[in-house]
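All remarks here apply to the structure that follows.
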There are 2 protein chains.
Amino acid sequence: MDQFTNAHRPLYEVKANLFKGLAHPVRVRVLEVLASADHVSVADLLSDTGLEASHLSQHLAVLRRHNLVVAERRASQVFYRLAYPQVADLLAISRQLLVDILQNTQQQLDSTINLADAVAPRGPDSTSTS
Amino acid sequence: MDQFTNAHRPLYEVKANLFKGLAHPVRVRVLEVLASADHVSVADLLSDTGLEASHLSQHLAVLRRHNLVVAERRASQVFYRLAYPQVADLLAISRQLLVDILQNTQQQLDSTINLADAVAPRGPDSTSTS
DNA sequence: CAACGATATGATGAATTTATTCATTCATAA
DNA sequence: TTATGAATGAATAAATTCATCATATCGTTG
């Protein structure tokens, strides 16, 4: 029932669950705003993202349940911040990874086009497959 | 339609998509094996995980589509390895984060138990005149 | 070539997640 | 108190993902 009671479960399940918490564009967007600006009000998130209030709120609830963010009330407004700095690290590394992936797949595309007729491929790591 | 054609989409969508690729226990497990042992055959993954062949294969396909692993055929067997070292980094940081989260929530639980009696709960009835 | 072992793919219903609508709570102001 | 703005929460249909079964493909061996 409760997938958020992380204790006493195989680590790979808990880890997969963490990634589930990150696996939505809205939530990534929110986390990125929080990573760069820290301490942001729901109102600001709303205008930043252009989402419907309840939709955003639902995703904020997911982030809270996953212990990725912390909410704090300050006079009729609610402010969010990242619960742990590693969340920002995760986002940073995933960006690095994506840059590498995009570069690489772009290269592959290019070479595929280049040898559209014949010769031996010159991939980034192809060590003389002759 | 094709969520794997990463080009020309907002980065937060691509990033969320990456996390989706990581968001399953079987896939995390496979990636962790590859992170520690690199270059592992499907047969080994099968015996390691005890999964049904087609089930594992399906998850391997997901990992391939997300460009997280690379498959290489060597004489009737297929070997997998991580496509990028950052994938291992991602796993490592997520473990760190989870350790922190678990520590923290455990502490919170403890203190909650400690003051389980004294706190005055808010209620609709006004019988709480001390 | 045919048969076999090793992987991969397709198709299906079950389970989960998402987007939306409506209703509710909380805090301040009148 | 009632009204109002800010944010959350429930309920539900649509979309997605998962697990399982059956079938297909790729290499090797006979």
Side-chain angles (χ1 to χ4, degrees), chain A residues 1-5 12-14 16-30 33-34 39-66 68-81, chain B residues 1-4 12-13 15-30 33-34 39-66 68-81 120-126:
Chain A
M1 284 203 171
D2 184 5
Q3 84 202 240
F4 300 104
T5 307
Y12 54 83
E13 272 191 30
V14 183
N17 196 43
L18 164 64
F19 289 127
K20 253 192 207 170
L22 299 166
H24 191 283
V26 168
R27 298 200 289 271
V28 169
R29 220 168 157 191
V30 168
V33 172
L34 297 181
H39 209 267
V40 177
S41 73
V42 174
D44 286 348
L45 288 173
L46 275 175
S47 54
D48 269 27
T49 61
L51 292 171
E52 219 183 329
S54 66
H55 193 195
L56 173 62
S57 191
Q58 194 171 288
H59 285 291
L60 288 174
V62 173
L63 291 174
R64 262 184 280 125
R65 277 193 226 107
H66 282 268
L68 295 172
V69 301
V70 174
E72 191 185 355
R73 198 156 207 141
R74 287 171 86 92
S76 87
Q77 275 195 312
V78 177
F79 290 80
Y80 280 83
R81 60 180 169 81
Chain B
M1 291 210 168
D2 184 3
Q3 83 201 245
F4 301 104
Y12 54 82
E13 273 191 28
K15 230 180 247 187
N17 196 43
L18 164 64
F19 289 127
K20 254 192 206 169
L22 298 165
H24 191 283
V26 168
R27 298 200 288 272
V28 169
R29 220 170 156 190
V30 167
V33 172
L34 296 181
H39 209 267
V40 177
S41 72
V42 174
D44 285 348
L45 287 174
L46 275 175
S47 54
D48 269 27
T49 61
L51 292 171
E52 219 182 328
S54 67
H55 193 193
L56 173 62
S57 192
Q58 198 170 286
H59 284 293
L60 288 174
V62 173
L63 291 173
R64 261 184 281 126
R65 276 193 229 106
H66 283 269
L68 294 172
V69 301
V70 174
E72 191 186 354
R73 193 148 213 149
R74 287 172 86 92
S76 86
Q77 276 197 311
V78 177
F79 289 80
Y80 280 83
R81 61 181 169 81
R122 47 163 189 122
D125 63 310
S126 53

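As the structure is a computational prediction, the values presented were derived from the model and not from experiment. Order of the sequence lines fixes the chain letters, A, B, ..., with proteins taken first and strands second; residue numbering starts at 1 for each chain.
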Nearest to side-chain heavy atoms of A:Q58, which nucleotide of C:dT20, C:dG10, D:dG9
C:dT20
Under 3.5 Å, is there any donor-acceptor pair linking the side chain of B:E52 to the base of D:dA19?
no
Send over the distance from A:H55 NE2 to D:dA6 P, rounded to a whole Å.
20 Å
Measure the acute angle between the ring planes of B:H24 and B:H59, then classify it against the limits of 30° and 60° as parallel, tilted or perpendicular.
tilted
Between CG of A:D44 and C1' of D:dA6 the distance, given in whole Å, is 13 Å
Residue whose nearest DNA chain C nucleotide is more 5′ - B:A53 or A:V26:
B:A53
Rounded to the nearest 0.5 Å, what separates atom CG in B:L18 from atom CG in B:L68?
6.0 Å
Of all the choices, C:dT9, D:dG9, C:dA19, which nucleotide is nearest to the side chain of A:H59 once you look at every atom?
C:dA19
Round to the nearest Å and state the distance from A:L51 atom CG to D:dA7 atom C1'.
14 Å
Reckon A:L60 touches a base, only the sugar-phosphate, or nothing at all at heavy-atom distances under 4.0 Å?
sugar-phosphate
Residues in contact with DNA chain C, drawn from residues 70-80 of chain A - heavy-atom cutoff 4.0 Å:
A:R73, A:A75, A:S76
The answer to which of B:S41 and B:K20 contacts DNA chain C further toward the 5' end, by nearest nucleotide, is B:S41
Over how many whole Å does the gap from A:L56 atom CG to D:dA6 atom C1' extend?
12 Å
Between A:S57 and D:dT8, does any side-chain N or O lie under 4.0 Å from OP1 or OP2?
yes
When rounded to the nearest 0.5 angstrom, what is the spacing between CG in B:L46 and NE2 in B:H55?
11.5 Å
How close or far is atom P of D:dC18 from atom CD of A:E13, stated in whole angstroms?
13 Å
Check for a donor-acceptor pair, side chain of A:S57 on one end and backbone N or O of A:A53 on the other, with a separation under 3.5 Å.
no
Between A:F19 (CZ) and D:dC18 (P), how many Å, whole number?
14 Å
Return yes if a side-chain donor-acceptor contact under 3.5 Å exists between A:Y12 and B:R27, otherwise no.
no
Is the shortest heavy-atom distance from the side chain of B:H39 to the side chain of B:E72 under 4.5 Å?
yes
Looking only at the side chain of B:H24 (C-beta and beyond, no hydrogens), which of the listed nucleotides C:dT17, D:dC18, D:dT8 gets closest?
D:dC18
Please examine the side chains of B:Y80 and B:V40, heavy atoms only from C-beta on, and report whether any two atoms are closer than 4.5 Å.
no
Residue A:A43, side-chain heavy atoms: nucleotide from C:dA8, D:dA7, C:dT16 that is nearest:
D:dA7
In whole angstroms, how far is the P atom of D:dC18 from the CG atom of A:N17?
13 Å
